[in-house]
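Because the structure is a prediction, the values reported are computed rather than measured. A, B, ... follow the sequence lines: proteins, then strands. Residue 1 opens every chain.
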Amino acid sequence: MTDQTTHTPAGATTTRKTRETSGILGLKGRDITLMVIVLILTMAAPILLNPFPADSSLAQFNAGYPDLMQRFVIFGIFAIGFNILFGLTGYLSFGHAAFLGVGSYATVWMFKLLNYNILPGLVLSVIVAALFSVLIGYISLRRSGIYFSILTLAFAQMSFALAYSVLTPITNGETGLQVYTSDPQYLQSAGAPDMPHLFGVTMRATETIEIGAWSFTFNFGYYVCAIIMLAAFYMAIRIFRSPFGMMLRAVKSNQQRLNYTGVNPRPYTLAAFVISGMYAGLAGGLMASMDPLAGAERMQWTASGEVVLMTILGGAGTLIGPVLGAGLIKYFENIFSKINDGVLHQWFAFMPDGIEDLLVTIVHPFVGKGWHLTLGLMFMLVVIFLPGGLVEGGQRIATVFRRDRKATNVEDAAAKKRNAK
Amino acid sequence: MGILEVKGVNKRFGGLQALGDVNLSVKENTCHAIIGPNGAGKSTLLNCLVGKLIPDSGSVMFDGNSVLGRKPHEINQMGISRVFQTPEIFGDLTVFENVMIPCFAKRDGAFRMHAYERTDNETDIVDKAERMLDEVNMLEKRDIVASSLSRGDKRRLEMAMCLSQKPKLLLLDEPTAGMARADTNNTIDLLKTIKAKGDVTLCIIEHDMHVVFSLADRITVLAQGTPLVEDIPENIKGHPKVREAYLGEAEV
């Protein structure tokens with residue numbers, strides 16, 4: 001027990017060895033792999049998401065258009081941040097959309113007051129969201145469990161209602177906050193673009209490359225969002241691997257023990273709440289940067305619920321899960337919802353008429369406007385069979401493969417032995 | 001003057017007087033046992049010491065400072081650690097992380113925003129946690145998720161967690177409750193080693209007389225919320241009042 005003991009415990013040598021292997025930017029082993037995979041996926045997304053030729057019947061499943069890709073990564077940021085609170089500490093906030101909305105308003109205000117450069121707007125969106133989440137977090141975190149969820153929900157709905165009515169001078173109420181020609185824009189210089197830009201390059205700047213039948217769209221706005229998401233993802237990994245992250249997991253695991261271990265859980269949970277609020281504010285700021293409009297409905301409870309779904313669907317408490325969940329839900333919302341009866345008839349056209357109509361009738365409720373039904377069913381299946389989300393599904397598949405490979409390896413070795421004899 | 005001084009503590013739950021005028025003095029670096037029949041107020045007393053309950057009146061002084069009105073984590077930072085009746089550990093974390101957390105709490109206090117450090121780069125903490133695990137012979141289980149440990153191992157882990165903070169006072173709430181004989185003996189041995197080092201005060205609540213008499217330097221008998229006697233183990237064994245409290249008057 002004393003610090004002076006000099007004996008080295010068995011096993012210490014091995015850990016010391018692993019400790020010496022230096023990492024890149026403070027990441028090690030599998031985290032580096034994960035980071036590289038996410039880097040490649042986001043950078044190559046315009047290509048990967050457009051696997052079907054532009055004029056084929058499957059082209060409607062292509063998700064590689066700027067608007068949707070931007071949404072993928074923006075909601076990815078939102079979900080990564082939400083996961084720092086929910087995934088690590090277990091505190092389920094139902095009011096994170098409030099920070100998203102606040103971030104959007106802050107950014108649009110910067111457009112109105114300064115100029116269309118997105119940088120000041122993004123900085124302010126994070127700061128404002130941080131201040132706002134300190135306030136809401138400080139009060140809500142006095143309770144835990146369902147009471148915490150209800151408190152956050154109440155605050156978010158309050159913010160929504162205020163933005164809609166009383167705060168109209170700031171939020172422009174129902175119409176939504178937008179930039180008018182009469183706005184001062186004190187820093188707007190003569191030659192600068194009159195739409196959101198980053199040092200002169202507009203968010204809408206797009207390069208389309210045609211390769212054979214395929215067409216790929218490279219959008220500047222998307223890459224701005226993607227790089228910010230990569231930074232956000234990197235910071236999330238660092239938090240997960242830090243003593244701070246470990247304390248947050250300890251909060252989720254056993255708060256009583258943590259209390260009797262001399263740790264005050266309150267500031268830890270508040271810090272996690274504020275960090276995730278800042279992520280949400282950043283996501284809101286990016287939304288407004290892609291489309292300079294901020295409406296109150298962005299703060300509504302359905303938006304808060306959406307990020308909960310994303311996180312749980314992908315895998316709460318895992319690094320990559322929330323990003324996957326965000327991508328999946330946004331894909332469903334935008335692609336699945338486009339499949340209407342006309343498309344279905346086209347698909348089933350090879351069938352006899354009666355069966356074709358029957359199939360269309362059966363599939364109809366699950367696609368198009370009914371995409372929520374499919375999403376709901378999928379969510380139920382995931383929660384029941386894969387409580388760890390899609391990531392758990394991936395892990396299970398990976399273990400099956402690994403076991404197979406191991407088995408074949410053993411067989412090979414045995415065969416070699418036999419042959420040698 | 002002991003390290004822990006409890007004076008005139010009263011605690012009432014509605015109509016029930018759980019503690020009535022409890023006085024207790026625990027000398028530094030000794031092992032003090034509190035025994036008594038069910039419902040005697042042992043756990044209530046313990047909860048008053050760690051800040052879970054606040055007594056209605058009286059004073060609890062630890063190392064010259066009052067603990068009353070302080071939060072559990074503040075009391076822990078003063079140097080009081082607690083082992084629970086059912087082991088309280090971080091079930092979702094690995095055994096090693098379980099021991100690292102109290103080490104961090106000891107080094108960094110109740111809160112520190114160390115979000116930019118890597119946990120496995122904190123060499124002093126890692127070394128200390130490894131040494132602690134080695135001391136309770138659990139080093140080979142370091143990467144196991146704590147909830148999958150056996151009951152006895154959970155108890156040992158909890159002890160290691162408490163000891164890694166080098167508490168001045170270690171409170172043990174029935175540390176061998178529900179344990180098999182072998183596990184009980186292991187726990188006694190572990191506690192004896194801790195005691196032999198002479199740098200921690202032990203205060204133990206226990207039903208198992210075997211445990212009490214193999215460890216305690218002094219014993220307080222609690223009955224119906226009031227201390228009956230306080231004496232050395234030899235005198236407690238045959239004390240008429242104690243037999244009365246445990247066995248009822250008819251036996252005397």
Side-chain angles (χ1 to χ4, degrees), chain A residues 1-3 5-16 18-23 26-29 31 84 88 90 235-272 274-275 317, chain B residues 50-52 71-77 80-82 84 88-93 97-98 100-102 104-106 108-123 125-128 130-135 139-140 142 146-147 158 161-166 194 197 199-200:
Chain A
M1 195 183 354
T2 51
D3 282 331
T5 45
T6 47
H7 74 284
T8 31
T13 42
T14 51
T15 49
R16 211 151 280 149
T18 49
R19 220 178 291 151
E20 272 161 20
T21 54
S22 59
L27 301 184
K28 282 177 195 174
D31 294 344
I84 290 174
L88 289 180
M235 282 190 283
I237 299 184
R238 290 298 301 269
I239 289 175
F240 269 62
R241 300 289 177 249
S242 70
F244 174 72
M246 188 169 72
M247 288 298 181
L248 296 183
R249 283 186 294 133
V251 169
K252 182 181 184 177
S253 185
N254 190 342
Q255 222 176 111
Q256 160 134 305
R257 176 32 94 194
L258 200 59
N259 259 317
Y260 290 108
T261 306
V263 175
N264 188 1
R266 189 76 63 78
Y268 280 103
T269 46
L270 183 61
V274 174
I275 290 171
Chain B
V50 293
K52 193 174 186 180
K71 300 216 176 78
H73 66 86
E74 292 169 332
I75 292 173
N76 175 279
Q77 292 285 355
I80 302 182
S81 278
R82 173 176 182 180
F84 287 79
E88 290 278 355
I89 52 173
F90 303 110
D92 307 326
L93 274 59
E97 287 172 326
N98 264 278
M100 278 206 279
I101 286 174
F104 274 115
K106 173 82 178 168
D108 300 334
F111 174 71
R112 187 178 149 195
M113 188 73 203
H114 32 29
Y116 42 85
E117 280 289 342
R118 279 190 66 90
T119 313
D120 49 8
N121 280 350
E122 304 264 6
T123 334
I125 301 280
V126 171
D127 286 343
K128 195 175 167 191
E130 269 171 1
R131 224 179 306 125
M132 273 326 295
L133 276 184
D134 195 38
E135 229 163 272
L139 200 54
E140 73 279 5
R142 53 174 282 166
S147 60
E158 196 187 23
M161 288 162 75
C162 288
L163 292 174
S164 63
Q165 297 194 297
K166 289 179 151 261
I194 296 164
K197 288 192 175 148
D199 55 0
V200 61

Would you mind checking if B/Glu135 and B/Lys197 are paired as a salt bridge, meaning a charged N to carboxylate O distance below 4.0 Å?
yes

Part of A/Ala250 within contact of chain B (heavy atom distance under 4.5 Å):
both

Could you check if a side-chain atom of A/Thr261 sits within less than 4.5 angstrom of a side-chain atom of B/Pro102, using non-hydrogen atoms only?
yes

Contacting region of A/Ile275 [heavy-atom separation from chain B under 4.5 Å]:
side chain

For chain A, find which of B/Ile80, B/Ile75, B/Ile125, B/Leu93 contributes the most heavy-atom pairs closer than 4.5 angstrom.
B/Leu93

Between A/Arg266, A/Gln256, A/Arg238, who has the most heavy-atom pairs with chain B when the cutoff is under 4.5 Å?
A/Gln256

Test B/Thr119 against B/Met100 for side-chain contact (heavy atoms from CB on, under 4.5 Å), laying out the working first.
CA-CA 9 Å; B/Thr119 313; B/Met100 278 206 279; 3.6 Å; yes

Looking only at A/Pro243, A/Ser253, A/Ser242, the option with the highest number of non-hydrogen pairs under 4.5 Å against chain B is A/Pro243

Please classify the contact between B/Lys52 and chain A as side chain, backbone, both or neither, with a heavy-atom cut-off of under 4.5 Å.
both

Determine whether B/Glu130 and B/Arg142 make a side-chain contact, defined as any pair of heavy atoms from C-beta on separated by less than 4.5 Å.
yes

Does any part of the side chain of A/Val251, heavy atoms only, come nearer than 4.5 Å to the side chain of A/Leu258, both counted from C-beta?
yes

When B/Gly51, B/Ser147, B/Ala105 are compared by non-hydrogen pairs under 4.5 Å with chain A, the top option
B/Ala105

Which answer fits B/Leu133, side chain, backbone, both or neither, if we ask what part of it has an atom under 4.5 Å from a heavy atom of chain A?
neither

B/Glu117 portion near chain A, given a 4.5 angstrom heavy-atom threshold
both

With the side chain counted from C-beta on, respond yes when A/Tyr260 and B/Glu88 share a heavy-atom pair under 4.5 Å apart, and no when they do not.
no

Pick whichever of B/Glu97, B/Glu140, B/Arg82, B/Gln77 has the most heavy-atom pairs under 4.5 Å with chain A.
B/Glu97

Any ion pair linking B/Asp92 and A/Lys252 (charged N to carboxylate O, less than 4.0 Å)?
no

